[in-house]
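Bear in mind that the values here come from a model prediction, so they are computed numbers and not experimental data. Every chain is numbered from 1, with letters handed out A, B, ... down the list of sequences.
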Number of protein chains: 2
Amino acid sequence: MKTTKIKVPEATVSRLSVYSRYLEQALEKGIVTVSSADIAKNVGVTPAQVRKDLAYFGEFGTRGVGYKVEELLKYIKKILGINTTWNVAIIGAGNLGTALCRYKGFQKRGFHIKGVFDKDANKIGQIMCNNIKVKHIENIPQEIKKNDITLAIIAVPASAAQEVVDILVKSGIKGIINFAPQTVNVPKGVFLRQVDLAAQLEVLTFNLNEEVLK
Amino acid sequence: MKTTKIKVPEATVSRLSVYSRYLEQALEKGIVTVSSADIAKNVGVTPAQVRKDLAYFGEFGTRGVGYKVEELLKYIKKILGINTTWNVAIIGAGNLGTALCRYKGFQKRGFHIKGVFDKDANKIGQIMCNNIKVKHIENIPQEIKKNDITLAIIAVPASAAQEVVDILVKSGIKGIINFAPQTVNVPKGVFLRQVDLAAQLEVLTFNLNEEVLK
DNA sequence: TAGATTGTTAATCGATTAACAATC
DNA sequence: TAGATTGTTAATCGATTAACAATC
């Protein structure tokens, strides 16, 4: 694999996920070869964008021909690191945590939920998904080691988010998705993504408001 | 209100949501005035960024002093269009749809779930949240009109996403959040946001992979 | 007044798009 | 070969940051 010298934009990485989903669908349909224009049309970007995104990582196509679907899919999965499976912990066994635990989309992409944690005594011991019992937050460090968990999803109230982040970081977690609507801090070397569901709706209402003003 | 001539970056809009959350917390704590540096420190951006973001919409501060928390919060909420409430439909009464229906974070920001729809006969008639009964997808057009619903959240399988989008658009929905991992098309004048949960994890695994290569 | 902090402009940085030579 | 499409460079566009005059 080519060692990347130039920094890859985060937007490029997100788009690679989208390309890979399209390629999976194309593969199912029995499509063998696609052009950057095909990919672009199906995912709503420009062909130049597709080629540029791929160019960060190497040369995967054939001039005059295009890309082999199966091959390109394999490459992108490797680039994204999803040629292997990953073990994931969910913190917070409320509605959202439960739903995420049962969400098929994670399994489908090789993410296996291996632990669900909460503080609430009523929830501990309950079975959430895949026969996983909710454990107390205290057990995070040992469970993460025992089950080789690398990623964590936070689905606790905003007020508890930073505390949970700190526990996770101390336990050696390297990547966190935070669903709590709360800015949190992680040390260098730990990757964080903030997913703010209400803020998503607010971008829509902003746009609707602007439309009215026009 | 100043009519915006210059296009506001989407990133600015998202940050306004984040600023407003911080301001709400500050208000609760009884903080009266904040500087751009205060906001910046708490949400993890630069003070210049905060001032630039606000400058798209007017002058809300006092030089040498800062911003009045309560006042700025009110302005931002008005800009985002969340000085009023919005009615929302959820399509898909599976795990994710159910969780989103019960999610407190929406209510807290003035988003009221007024309808939940599914195709599955077993789900129809079940009570999801706020005493809302799941209705068949066929009922979307009339329910949307009846309940004055403007926004919709799609939580159906990828294969059904475009079909649902088309129904929603035909019913007059103006803003859609799509949780299905599927690129969909909307006509001009309808706003769409794609929230791809697995892709979020994949950005993390990409980063972890890169770290290893270094 | 002196110190603080805004609002705004200009400079920088980064990402997207267009264009085209390379090449299948 | 001629047509098609990649990979890559240069041009454009847009967003962030730095700097500072305005002003409380």
Side-chain angles (χ1 to χ4, degrees), chain A residues 1-2 4-19 22-23 26 31-69 71-73 75-76 79 203 206-207 210, chain B residues 1-2 4-19 22-23 26 31-69 71-73 75-76 79 203 206-207 210:
Chain A
M1 195 184 288
K2 191 175 144 193
T4 20
K5 295 255 165 206
I6 295 157
K7 215 215 138 221
V8 179
E10 196 122 302
T12 290
V13 181
S14 293
R15 281 191 299 266
L16 288 181
S17 284
V18 178
Y19 302 163
Y22 163 69
L23 291 170
I31 297 169
V32 178
T33 308
V34 292
S35 66
S36 57
D38 292 331
I39 300 174
K41 211 183 108 220
N42 278 281
V43 308
V45 300
T46 64
Q49 179 82 269
V50 173
R51 297 201 298 277
K52 188 80 218 252
D53 284 340
L54 295 173
Y56 284 108
F57 304 100
E59 305 188 4
F60 306 111
T62 309
R63 288 162 199 237
V65 179
Y67 305 89
K68 283 190 184 167
V69 173
E71 202 181 288
L72 182 59
L73 178 58
Y75 278 124
I76 293 181
I79 291 163
V203 174
F206 170 83
N207 284 319
E210 281 239 309
Chain B
M1 196 185 288
K2 192 175 144 193
T4 19
K5 293 255 165 207
I6 295 157
K7 214 214 142 225
V8 179
E10 196 123 302
T12 290
V13 181
S14 294
R15 281 192 298 265
L16 288 181
S17 284
V18 177
Y19 301 163
Y22 162 68
L23 291 170
I31 297 169
V32 177
T33 307
V34 291
S35 66
S36 58
D38 292 331
I39 299 174
K41 211 181 110 223
N42 278 282
V43 308
V45 300
T46 63
Q49 179 83 269
V50 173
R51 295 201 299 276
K52 187 81 218 251
D53 284 339
L54 295 174
Y56 284 107
F57 304 100
E59 305 188 4
F60 306 112
T62 310
R63 289 162 198 235
V65 180
Y67 305 89
K68 283 190 186 166
V69 172
E71 201 181 289
L72 183 58
L73 178 59
Y75 278 124
I76 292 182
I79 292 164
V203 175
F206 170 83
N207 284 320
E210 280 237 311

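Counting to the nearest Å, the P atom of dT6(D) and the CZ atom of Phe60(A) are 14 Å from each other. Across the protein-nucleic acid pair, Leu54(A) atom CG and dT17(C) atom C1' stand 16 Å apart, rounded to whole Å. If you take OH of Tyr56(B) and C1' of dA15(D), they are 7 Å apart, rounded to a whole angstrom. As rounded to whole Å, 10 Å separates atom P of dA15(C) from atom CZ of Arg15(A). Regarding Asp53(B), its CG atom lies at a distance of 12 Å from the P atom of dG7(C), rounded to whole Å. The interatomic distance linking Glu10(A) (CD) with dC13(C) (C1') rounds to 17 Å, in whole Å. Atom OH in Tyr75(B) sits about 15 Å away from atom C1' in dG7(C), given to the nearest Å. Computed from coordinates, the Glu59(A) CD to dT9(D) P distance equals 11 Å when rounded to whole Å.
Applying the 4.0 Å criterion to OP1 and OP2 of dG7(D), one finds that Tyr67(A) has a side-chain N or O inside that range. Dashed line: the shortest gap from a side-chain N or O of Ser36(B) to OP1 or OP2 of dT6(C) is under 4.0 Å.
Not a single ring pair (Phe, Tyr, Trp, His ring centres under 6.0 Å) links Tyr22(A) to another residue, sequence neighbours left out.
The shortest side-chain heavy-atom distance between Val43(B) and Arg15(B) does not fall under the 4.5 Å cut-off.
Ring orientation note: the planes of Tyr75(B) and Phe60(B) are tilted relative to one another, at an angle of 30° to 60°.
When the nucleotides dA15(D), dT5(C), dT17(C) are ranked by their closest atom to the side chain of Gln49(A), dT17(C) comes out on top. Considering only the side chain of Ala55(A), dT8(D) comes nearest among dC24(D), dT8(C), dT8(D).
The nearest heavy atom of DNA chain C to Gly64(A) and to Ala11(A) marks one nucleotide each, and the one closer to the 5' end goes with Ala11(A).
For dA21(C), the paired nucleotide is dT6(D), the pair qualifying as Watson-Crick or G-U wobble because both relevant distances are below 3.5 Å. Nucleotide dA15(D) forms a pair with dT12(C), judged by Watson-Crick or G-U wobble geometry with both contacts under 3.5 Å.
Looking at heavy-atom distances under 4.0 Å, Ala37(B) makes no contact with the nucleic acid at all.
Closest of all the heavy-atom pairs between Ala40(A) and Pro47(A) is CB-N, 3.5 Å. Taking both residues in full, the closest heavy atoms of Asp38(A) and Val34(A) are given as OD2-CA, 3.5 Å, listed atom of the first, atom of the second, then distance. Taking both residues in full, the closest heavy atoms of Val50(A) and Tyr19(A) are given as CA-OH, 3.6 Å, listed atom of the first, atom of the second, then distance.
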Q.
side-chain contact (heavy atoms from CB on, under 4.5 Å), that's the test. Do Ile76(A) and Leu54(A) meet it? Break it down for me.
A. CA-CA 9 Å; Ile76(A) 293 181; Leu54(A) 295 173; 4.2 Å; yes
Protein-nucleotides 18-21 of chain C N/O pairs closer than 3.5 Å?
unit_1: dA19(C); atom_1: N6; unit_2: Arg51(A); atom_2: NH2; d: 3.3

